[in-house]
Amino acid sequence: MASIIAPRGTRDILPGESYKWSYVIKTAGEVMSDFAFNEIYIPIFEHTELFARGVGETSDIVEKEMYTFIDRGGRSITLRPEATAGVMRSALENNLCAQGNFAKLWSYGPMFRYERPQKGRYRQFYQIDAECLGIAGAEADIEIINLSLELFKRLGLKNLEVVINSVGCEKCRPVYREKLVEYFNQHKDELCETCLNRLERNPLRILDCKKENCGKVAENAPDIFNSLCDECKEHFKKVCAGLERLGFKYKLNKRLVRGLDYYTKTAFEILSGDLGAQNAVCGGGRYDNLAEAAGGSHLPGVGFACGLDRVVIVMEEQGCSFGKIPEPKIFVIAKNDDARENAQVITSKLRSEKIAAVCDIAGRSFKNQIKNANSYEYICKADEAGNLELVKNSDDVHENLTLDEIVGRLK
RNA sequence: GUGAGUGUAGCGCAAUUGGUCAGAGCUUCGGAUUGUGGUUCCGGCGGUUGAGGGUUCAAGUCCCUUCACUCACCCCA
């Protein structure tokens with residue numbers, strides 16, 4: 001009997017864990033609201049073309065990590081590997097940024113990437129996503145980074161490192177790219193096989209290679225800052241100045257390169273040392289070319305994606321609080337078998353008064369009910385005649401009360 | 001896709017060089033005791049040792065295959 005188990009890379013967030021997730025999402029919602037970001041729900045699947053064009057044909061995601069299938073209508077559909085393209089699609093489709101308006105949007109939910117699972121990496125994983133669309137200025141970049149750091153601050157994450165870089169725009173990146181190709185071509189024999197491949201398809205990513213030899217070669221590679229156009233340079237300066245003004249520490253990393261093709265100008269990551277190899281809890285940046293790549297009109301944007309699975313791991317690792325575990329306040333015990341029905345009626349009435357209450361519905365013995373009830377704040381003993389006895393567990397005081405009196409006491 | 005490690009009751013674990021080894025603890029359920037109540041005691045449920053082959057008189061223990069998990073590469077959140 002081959003029992004069915006969850007597909008590789010997926011997992012169940014069980015009741016013992018789920019409250020942590022709820023806490024993080026609830027906190028995120030509060031922060032978003034304080035920053036005036038509005039929640040948006042978008043589809044979990046989109047036309048494959050959106051990601052192929054938006055994320056980039058040469059990205060690893062599109063090349064080998066997408067869950068793509070043909071639906072019954074013959075359409076090529078893909079389970080979203082990231083959220084930004086979908087949010088952008090929605091903003092364009094619904095004219096959220098018509099007439100020079102901007103939109104501050106956030107969302108959360110599952111993403112899908114066919115990768116080999118490891119710590120902090122799953123095939124179905126969850127992201128909290130924030131996007132600021134319609135603003136080209138550096139203030140938006142600063143707002144987005146500010147937002148992510150405020151979220152982590154409220155969640156209590158410690159020892160985070162903010163890394164930023166500029167990857168240029170459609171004007172200056174091609175120039176830099178040429179310089180890189182020229183440089184790396186002179187050092188072909190020192191590069192690893194994947195980097196030789198990257199040289200053809202996406203030379204920027206060679207900078208990111210962790211192999212020792214490639215790293216050495218990359219160290220002496222042309223500096224992107226020497227190639228940035230004036231606009232990009234200026235933009236980057238403003239972002240850095242803004243972060244400093246807000247009192248955020250950050251590190252420049254000229255070798256920080258995004259795996260997704262749509263990024264322009266600002267790229268940033270927030271790293272944690274408590275995650276193992278997959279050390280990014282948050283990654284993002286500006287993507288002024290995404291809208292056009294997705295077939296829309298020009299619409300600048302900047303945003304981040306925050307890995308929920310990873311945030312929870314780091315919080316556990318650092319002993320952060322997940323708030324109070326929600327738990328019923330009172331257990332209604334049937335004093336004997338004849339009182340069972342009455343206990344359920346009482347419980348129902350308490351619930352109508354918005355008091356979290358439980359009673360035994362599994363036919364447990366009295367003894368067992370008592371045993372379970374001891375972990376609740378209150379116990380209510382009901383007999384078959386409808387008499388109620390309220391006991392506060394902490395001080396062991398027994399009182400005979402009416403239902404109304406109990407409601408008044410617990411509210 | 002590549003590499004390494006792991007896989008025994010719901011959970012975390014134990015079983016000398018292959019030879020009564022299929023076990024205890026916690027949980028759970030029932031019972032006894034207690035003020036019908038957190039303790040203590042007794043008992044029950046629970047596993048063809050991930051699955052499938054093979055070697056052997058004998059395999060949880062060795063070999064092969066497969067599945068899953070873990071970590072790392074790759075890449076990213």
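Here is the naming used below: chain letters follow the sequence lines, and residue numbers restart at 1 for every chain.
Looking only at distances, a side-chain donor or acceptor of A:Q369 sits under 3.5 Å from a matching main-chain atom of A:A334.
In this structure B:C73 sits in a base pair with B:G1, meeting the Watson-Crick or G-U test at under 3.5 Å.
Comparing the same atom, C1', in B:G52 and in B:C67 gives a spacing of 10 Å after rounding to whole Å. Here, B:C13 and B:U27 have their C1' atoms 14 Å apart, quoted to the whole Å. For B:U55 and B:C42, the C1' atoms lie 47 Å apart once the distance is rounded to whole Å.
Under 3.5 Å, the side chains of A:N279 and A:S272 contain no donor-acceptor pair of N or O atoms. Between the side chains of A:E384 and A:N342, no donor-acceptor pair of N or O atoms lies under 3.5 Å. Side-chain atoms of A:E65 and A:Y67 form no donor-acceptor pair, as typed in the model, at a separation below 3.5 Å. There is no side-chain donor-acceptor pair under 3.5 Å between A:H187 and A:N220. A:T84 and A:E131 form a side-chain donor-acceptor contact under 3.5 Å, judged by distance and modelled atom types alone.
Of all non-hydrogen atoms in A:K349 and A:L403, the two that sit nearest each other are CD-CD2, 3.4 Å.
A:D383 comes within 4.0 angstrom of no nucleic acid atom, judged by non-hydrogen atoms across all strands. Within 4.0 Å (heavy atoms only), A:V311 reaches no atom of the nucleic acid at all. Using a 4.0 Å heavy-atom criterion, one finds that A:E269 contacts no nucleic acid atom at all. A:G363 comes within contact range of no nucleotide atom at all, as no heavy-atom separation falls under 4.0 Å. Residue contacts shown for A:C282 are limited to sugar-phosphate atoms, with no base heavy atom under 4.0 Å away.
Taking for each of A:Q127 and A:I379 the nucleotide of RNA chain B with the nearest heavy atom, the 5'-most of the two is the partner of A:I379.
None of A:R121, A:R11, A:K119, A:Q278 except one satisfies the side chain to side chain donor-acceptor pair (under 3.5 Å) rule with A:D309; the exception is A:R11.
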Per-nucleotide protein contact along nucleotides 40-52 of chain B, 5' to 3', at a 4.0 Å heavy-atom cut-off (B base, S sugar-phosphate only, - neither), is -------------
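For B:G37, the base has a donor-acceptor partner in the side chain of A:H398 [N/O atoms by modelled type, under 3.5 angstrom].
Within residues 110-125 of chain A, the residues having any heavy atom closer than 4.0 Å to RNA chain B are, in order of number, A:R113, A:E115, A:R116, A:Q118, A:K119, A:G120, A:R121, A:Y122, A:F125.
OP1 or OP2 of B:C29 has at least one side-chain nitrogen or oxygen of A:N368 nearer than 4.0 Å.
Proximity note for A:N374 (side chain, C-beta onward) versus B:A68, B:G31, B:G38: the nearest is B:G38.
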side-chain contact (heavy atoms from CB on, under 4.5 Å) between A:F268 and A:V163, worked out: CA-CA 5 Å; A:F268 74 96; A:V163 187; over 6 Å; no
